[in-house]
Undergrad: 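Sharing a structure with you now.
Worth saying up front: this structure is predicted, and the values here are computed from it rather than measured.
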Amino acid sequence: MIDDIGAEISPADEQYAARSRACWDTIAKPLGALGLLEDAVCRLAAVQRTERPAIPRRALAVFCADNGIVAEGVTQTDSSVTAAVARNICAGTASVCAMARVARCDVFPVDMGMLAPVAHEKMTDRHVARGTRNFLHEDAMTRAQAEQAVRTGAQFAQELIGQGYTVIATGEMGIGNTTTASAVASVLLALPPEAVTGAGAGLSAGGVARKIRVIDQGIAARAPDASDPIDVLATLGGFDIAGMAGCMIGAAARRTAVIVDGLISQVAALVAVRLCPAVRGYLFASHVGSEPASRLVLAELGLAAPVQAGLHLGEGSGCMTLLPLLDMALAVYGGAATFGDLRIPAYRPL
């Protein structure tokens with residue numbers, strides 16, 4: 001299904017990362033002084049195949065979808081909130097939109113499968129179905145729907161790149177999606193649900209216990225094949241997760257960097273990498289979320305996140321916190337004085 005897109009992905013070119021590191025080491029500061037931000041610039045150089053990487057045009061794709069598992073009482077609010085927040089994103093009044101204006105990032109909400117469509121000129125309607133089914137009782141979606149959602153996400157990423165965007169940030173909106181993400185993470189990481197499940201948007205201790213039970217029972221009932229990421233998506237996942245996974249694959253096929261947000265986006269990244277391992281070189285972690293699975297998934301992906309601020313908003317908000325940091329790193333990289341400029345001895349690795 002995604003083999004044709006995956007076949008277009010070539011690994012990020014590490015020779016450019018090495019050249020970028022050499023450039024960093026000429027700048028008049030202690031070696032590696034900007035830590036993960038220096039690493040991010042080097043990785044961006046590898047993605048863009050240049051010693052002078054840049055991200056002049058940024059897009060945030062917010063994949064919106066509803067989840068049938070909400071019927072099991074695993075959330076504090078009902079599914080109507082998905083459409084309400086999606087309307088705010090379209091209107092530019094959502095929290096992430098305020099952050100995106102600071103980060104100079106354009107926001108693109110995408111309906112991947114909301115129960116209630118949002119009629120707004122800013123909304124891109126690519127819905128696969130009107131919400132997933134309740135995975136406690138039946139597969140969340142068919143395999144064909146999972147494949148369609150992944151391909152739809154890949155196509156949307158490539159449309160944005162065709163419009164001139166040089167980096168794509170991934171976000172989501174969907175009540176119940178920490179439950180679907182935790183379920184997918186549990187299977188793909190081969191960990192029990194209690195190790196990967198948290199409070200989401202604000203469950204009590206009793207609510208979390210219920211959520212864990214539902215995930216555990218759902219996995220037992222659905223018996224997904226952990227070696228087949230599409231099967232895991234179809235049995236337990238959400239259209240937002242599938243769309244983001246496809247977005248990451250599609251961007252990698254066009255040699256474009258993707259910024260990964262919190263848990264749901266991170267689980268989508270894990271799905272994408274399991275489907276197409278070369279995608280990993282194009283992924284940039286933004287933050288460590290407060291959900292238990294966040295650190296676990298990032299460790300599995302081998303990605304280090306510069307921001308550790310206890311964020312759990314979603315919508316791509318973590319990506320927006322990273323972009324200004326990348327701007328500052330790129331400003332130092334491209335404009336700070338070198339040891340040669342100052343005629344002082346360079347630092348040496350000891």
Undergrad: For residues Tyr282 and Ile9, report the shortest heavy-atom separation together with the two atoms involved.
TA: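 Shortest heavy-atom contact: CE1-CG2, 4.1 Å.
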
Undergrad: What I want to find out is whether Asp111 reaches Arg130 closely enough, with some N-O distance under 4.0 Å, to be called a salt bridge.
TA: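 The answer is yes: the pair qualifies as a salt bridge.
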
Undergrad: Between the main-chain N or O of Thr338 and the side-chain N or O of Asp341, is there a donor-acceptor pair closer than 3.5 Å?
TA: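 Between the backbone of Thr338 and the side chain of Asp341 there is a qualifying donor-acceptor contact (under 3.5 Å).
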
Undergrad: Leu326 and Val102: same hydrophobic cluster, using ILVMFWY side-chain contacts below 4.5 Å?
TA: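 Different hydrophobic clusters.
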
Undergrad: Are Gln155 and Arg151 close enough that a side-chain donor and a side-chain acceptor fall under 3.5 Å?
TA: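 No, because no side-chain N or O of Gln155 sits under 3.5 Å from a partner of the opposite role on Arg151.
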
Undergrad: Hydrophobic cluster membership, with links at side-chain heavy-atom distances under 4.5 Å among I/L/V/M/F/W/Y: are Leu36 and Trp24 in one?
TA: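 Cluster IDs for Leu36 and Trp24 differ.
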
Undergrad: Above 12 or not: heavy atoms from other molecules or residues under 6.0 Å from CZ of Arg255?
TA: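 No, the 6.0 Å shell around CZ holds no more than 12 heavy atoms from other groups.
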
Undergrad: Using modelled atom types only, decide if a donor and an acceptor are shared between the side chain of Glu38 and the backbone of Ala33 within a distance under 3.5 Å.
TA: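 Judged by distance alone, yes, a pair lies under 3.5 Å.
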
Undergrad: Does a side chain donor of either Thr180 or Asn177 reach within less than 3.5 Å of an acceptor in the other side chain?
TA: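 Their side chains do not contain a donor-acceptor pair, so the 3.5 Å distance test is not met.
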
Undergrad: When you measure from the side chain of Thr50 to the backbone N and O of Ala45, does any donor-acceptor pair fall under 3.5 Å?
TA: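 No; zero donor-acceptor contacts below 3.5 Å.
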
Undergrad: Might you confirm whether atom CZ of Arg21 has over 12 heavy atoms from other residues, nucleotides or ligands at distances under 6.0 Å?
TA: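 Yes, because the 6.0 Å sphere around CZ of Arg21 holds more than 12 heavy atoms from other groups.
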
Undergrad: Taking side chain to side chain donor-acceptor pair (under 3.5 Å) as the definition, give me every residue that meets it alongside Glu300, ordered by chain and number, with sequence neighbours left out.
TA: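 Glu300: side chain to side chain donor-acceptor pair (under 3.5 Å) contacts with Arg274.
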
Undergrad: Any side-chain to backbone donor/acceptor pair from Asp225 onto Asp231? Under 3.5 Å, distance only.
TA: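 Checked: no pair found.
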
Undergrad: So which of Val232, Leu283, Leu301 actually passes side-chain contact (heavy atoms from CB on, under 4.5 Å) with Leu270?
TA: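 Looking at Val232, Leu283, Leu301, the match for Leu270 under the side-chain contact (heavy atoms from CB on, under 4.5 Å) is Leu301.
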
Undergrad: Can a donor-acceptor pair be found, under 3.5 Å and without considering hydrogens, that links the side chain of Arg254 to the backbone of Ile161?
TA: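 No, Arg254 side chain to Ile161 backbone: no donor-acceptor pair under 3.5 Å.
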
Undergrad: So does His312 have more than 12 non-hydrogen atoms from other groups sitting under 6.0 Å from NE2?
TA: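 Atom NE2 in His312 is not crowded, with 12 or fewer foreign heavy atoms closer than 6.0 Å.
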
Undergrad: What I want to check is whether the side chains of Ser265 and Thr170 have a donor and an acceptor closer together than 3.5 Å.
TA: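 The answer is yes; a qualifying pair exists.
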
Undergrad: Is the side chain of Ser286 donor-acceptor paired with the backbone N or O of Val260 at a distance under 3.5 Å, no angle test?
TA: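 Judged by distance alone, yes, a pair lies under 3.5 Å.
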
Undergrad: Is Arg87 reaching over with its side chain to a backbone N or O of Val118, donor-acceptor style, under 3.5 angstrom?
TA: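 It does not hold such a pair.
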
Undergrad: So, Lys211 and Ser182: side-chain donor and acceptor under 3.5 Å apart, yes or no?
TA: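 Their side chains do not contain a donor-acceptor pair, so the 3.5 Å distance test is not met.
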
Undergrad: Around atom OH of Tyr347, are there more than 12 heavy atoms from other residues, nucleotides or ligands closer than 6.0 Å?
TA: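 Open.
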
Undergrad: Say whether Tyr333 and Ser20, considering side chains only, have a donor N or O and an acceptor N or O under 3.5 Å apart.
TA: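 Result is yes, a qualifying pair exists.
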
Undergrad: Using the test side-chain contact (heavy atoms from CB on, under 4.5 Å), find all partners of Ala65 that sit at least two apart in sequence or belong to another chain.
TA: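 Result, side-chain contact (heavy atoms from CB on, under 4.5 Å) vs Ala65: Met112, Phe239, Asp240.
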
Undergrad: So which atom in Leu203 and which in Gln76 form the shortest heavy-atom distance, rounded to 0.1 Å?
TA: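 Heavy-atom minimum between the residues: CD2-N, 3.9 Å.
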
Undergrad: Measure the spacing between CZ of Arg143 and OG1 of Thr235 and express it to the nearest 0.5 Å.
TA: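 One gets 10.0 Å once the value is rounded to the nearest 0.5 Å.
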
Undergrad: Closest heavy-atom contact between Gln266 and Ser294?
TA: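 What the structure gives for the nearest pair is OE1-OG, 2.8 Å.
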
Undergrad: Restricting to non-hydrogen atoms, name the atom on Gly176 and the atom on Ile69 that form the minimum distance, rounded to 0.1 Å.
TA: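 So the two residues come closest at O-CG2, 4.2 Å.
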
